[in-house]
There are 2 protein chains.
Amino acid sequence: MEFNEAKEQFINSWGSLGSSWGVSRTMAQVHALLLITHDPISAEDVMEALNISRGNANMSLRALIDWGLIEKKVKLGERREYFLAEKDLWKVAMRIAKERRKRELEPIMSALSQVKDIDPETGDKKEIAQFKGQMEEIEDFAGRVDGLLNKLATADENWFTSLLARVLIK
Amino acid sequence: MEFNEAKEQFINSWGSLGSSWGVSRTMAQVHALLLITHDPISAEDVMEALNISRGNANMSLRALIDWGLIEKKVKLGERREYFLAEKDLWKVAMRIAKERRKRELEPIMSALSQVKDIDPETGDKKEIAQFKGQMEEIEDFAGRVDGLLNKLATADENWFTSLLARVLIK
DNA sequence: CTGTACTTTCAATTATTTGTGAAAGTTATT
DNA sequence: AATAACTTTCACAAATAATTGAAAGTACAG
């Protein structure tokens, strides 16, 4: 396989992985491009490499910065901004976990706690009790996942690696 | 809050959680409905409760069965099929993990192994080496995640619970 | 202050994903 | 073998999400 072909295929695979996990394809492709690029590149370079518009490149880069997956590098004496990706996948995974916890776990947890406050007059007693029970189970589960993600988000790299090692050896 | 309102809100929250994780909103809503329903219900009941079409109800139910999240219950002497959800969230999480491993991790792993086979004539030696190195890192990471998910998928319920307990106490 | 070299925004467009519902398929019953 | 009761399929419609590109904004250099 040619080198360029290989790069392109990686970018596409990473892109479709992204879209099946609720991240826009382009954002994942930009991330892939930066993962395989060792020197910082500009928005212009990204536009060119992926054939995307200026606006799209800008939005994707900014979103990646928000997620903590890439950073801006300013070259002295140059207006242009350059971008560089975090290459360590453990760190990448932790940042994604942290971000998704904030965006998706928090809302569902708050919804769950609201939803348990039911006027007992408005339904069958037993059914309400069952429903509340189910909600509590979900809350409990979400709470544990939340705890785990929090732990991951603040843990140092080796902690997670060694945890995984432990889990997998057993 | 009224009981019906509470149910509706839970269904909606679960639905939007689904859509940010790459599961169609309706499929997640059907799942939510079945999670809070203790007796098996028919496709017709689902259509009515969620105001969705026959085709959509059927597809969502079938997908949930494929994922192992719900099962068909046949009532003796009745043509109609009834559906019942797995209520234990640990099991639910494991089945989702297993399914996504199969659908998303396997493709990326196979792509990664292909992509390392590069004709050395077609690019800068050092760049190719860097690229291969990065691919190997991703493969290694994916392999570990795969191992973990496999372990989860086959583990008994308590194994995961106690693992989490261990992790969180430490 | 003005021109230049960039970055950011956002309304309009385009692409993708979901959902619909009528028609076809299936299976049990008479 | 005809009917009835239900399930599945699929071409099209609707809804949603992503992308564009031109215009506006910013900051620096001279």
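If you're wondering where the values come from, they're calculated on a predicted model, not measured in any experiment. In what follows, every chain begins at residue 1, and chains take the letters A, B, ... in the order their sequences are listed.
Atom P of nucleotide C/dT20 and atom CG of B/Leu50 are separated by 10 Å, given to the nearest angstrom. Across the protein-nucleic acid pair, A/Glu48 atom CD and C/dC6 atom P stand 14 Å apart, rounded to whole Å. One atom, CG of B/Asn51, and another, P of C/dG19, lie 13 Å apart when rounded to the nearest Å. One interatomic measurement links the two molecules: CZ of B/Arg54 to P of C/dG21, which rounds to 11 Å at whole-angstrom precision. In this structure, the CD1 atom of A/Ile52 is 16 Å from the P atom of C/dA15, given to the nearest Å. When rounded to the nearest whole Å, the span between CE of B/Met47 and P of C/dG19 equals 14 Å.
B/Thr122 places no side-chain N or O within 3.5 Å of a backbone atom of B/Ile118 that could act as its donor or acceptor partner. Checking side-chain atoms of B/Asp45 against main-chain N and O of B/Ser42 turns up a donor-acceptor pair under 3.5 Å. Under a 3.5 Å cut-off, the side chain of A/Glu86 and the backbone N or O of A/Asp88 do form a donor-acceptor pair. For B/Arg95 (side chain) and B/Gly68 (main-chain N/O), a donor-acceptor pair under 3.5 Å exists by modelled atom type.
Contacts between chain B and DNA chain D, taken as any atom within less than 4.0 angstrom of a protein heavy atom, begin and end at D/dA5 to D/dT16.
Judged by a 6.0 Å distance limit and a 45° cone about the ring axis, B/Lys72 is not positioned over the six-membered ring of B/Tyr82.
A/Lys7 is listed as a side-chain neighbour of A/Ile36, based on a closest heavy-atom distance under 4.5 Å. With a 4.5 Å cut-off on side-chain heavy atoms, B/Ile138 and A/Phe10 count as touching. No side-chain heavy atom of B/Glu2 sits less than 4.5 Å from a side-chain heavy atom of A/Glu121.
Contacts between residues 33-43 of chain B and DNA chain D, counted as heavy-atom distances below 4.0 Å, involve no residue at all. DNA chain D lies under 4.0 Å from at least one heavy atom of each of the following residues of residues 10-31 of chain B: B/Arg25.
Between A/His31 and A/Trp14, the ring planes are tilted. Angles from 30° to 60° get that label.
A/Glu99 is linked by a side-chain contact (heavy atoms from CB on, under 4.5 Å) to A/Trp67, A/Lys102, A/Arg103, counting only residues two or more places apart in sequence or in another chain. Residues passing the side chain to side chain donor-acceptor pair (under 3.5 Å) test with B/Arg100 are B/Glu104, sequence neighbours excluded.
DNA chain C is contacted by both B/Ala57 and A/Tyr82; A/Tyr82 maps to the nucleotide lying nearer its 5′ end (nearest heavy atom per residue).
Look at A/Lys73 and A/Glu81 and you find no salt bridge, because none of the NZ, NE, NH1 or NH2 atoms lies under 4.0 Å from a carboxylate O. A salt bridge links B/Glu44 with B/Arg54: the distance from a Lys NZ or Arg NE/NH1/NH2 to an Asp or Glu carboxylate oxygen falls below 4.0 Å. Checked for salt-bridge contact, A/Asp66 and A/Arg62 miss the test: no charged N lies under 4.0 Å from a carboxylate O.
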Completion exercise
For nucleotides 25-30 of chain C, 5' to 3', base contacts (B), sugar-phosphate-only contacts (S) and non-contacts (-) with protein non-hydrogen atoms under 4.0 Å give --BS--

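Contacts of B/Arg80 with the nucleic acid, taken as non-hydrogen atoms under 4.0 Å apart, involve only primed sugar atoms and P, OP1 or OP2. Residue-level contact check: B/Glu44 touches neither bases nor backbone, having no heavy atom under 4.0 Å from any strand.
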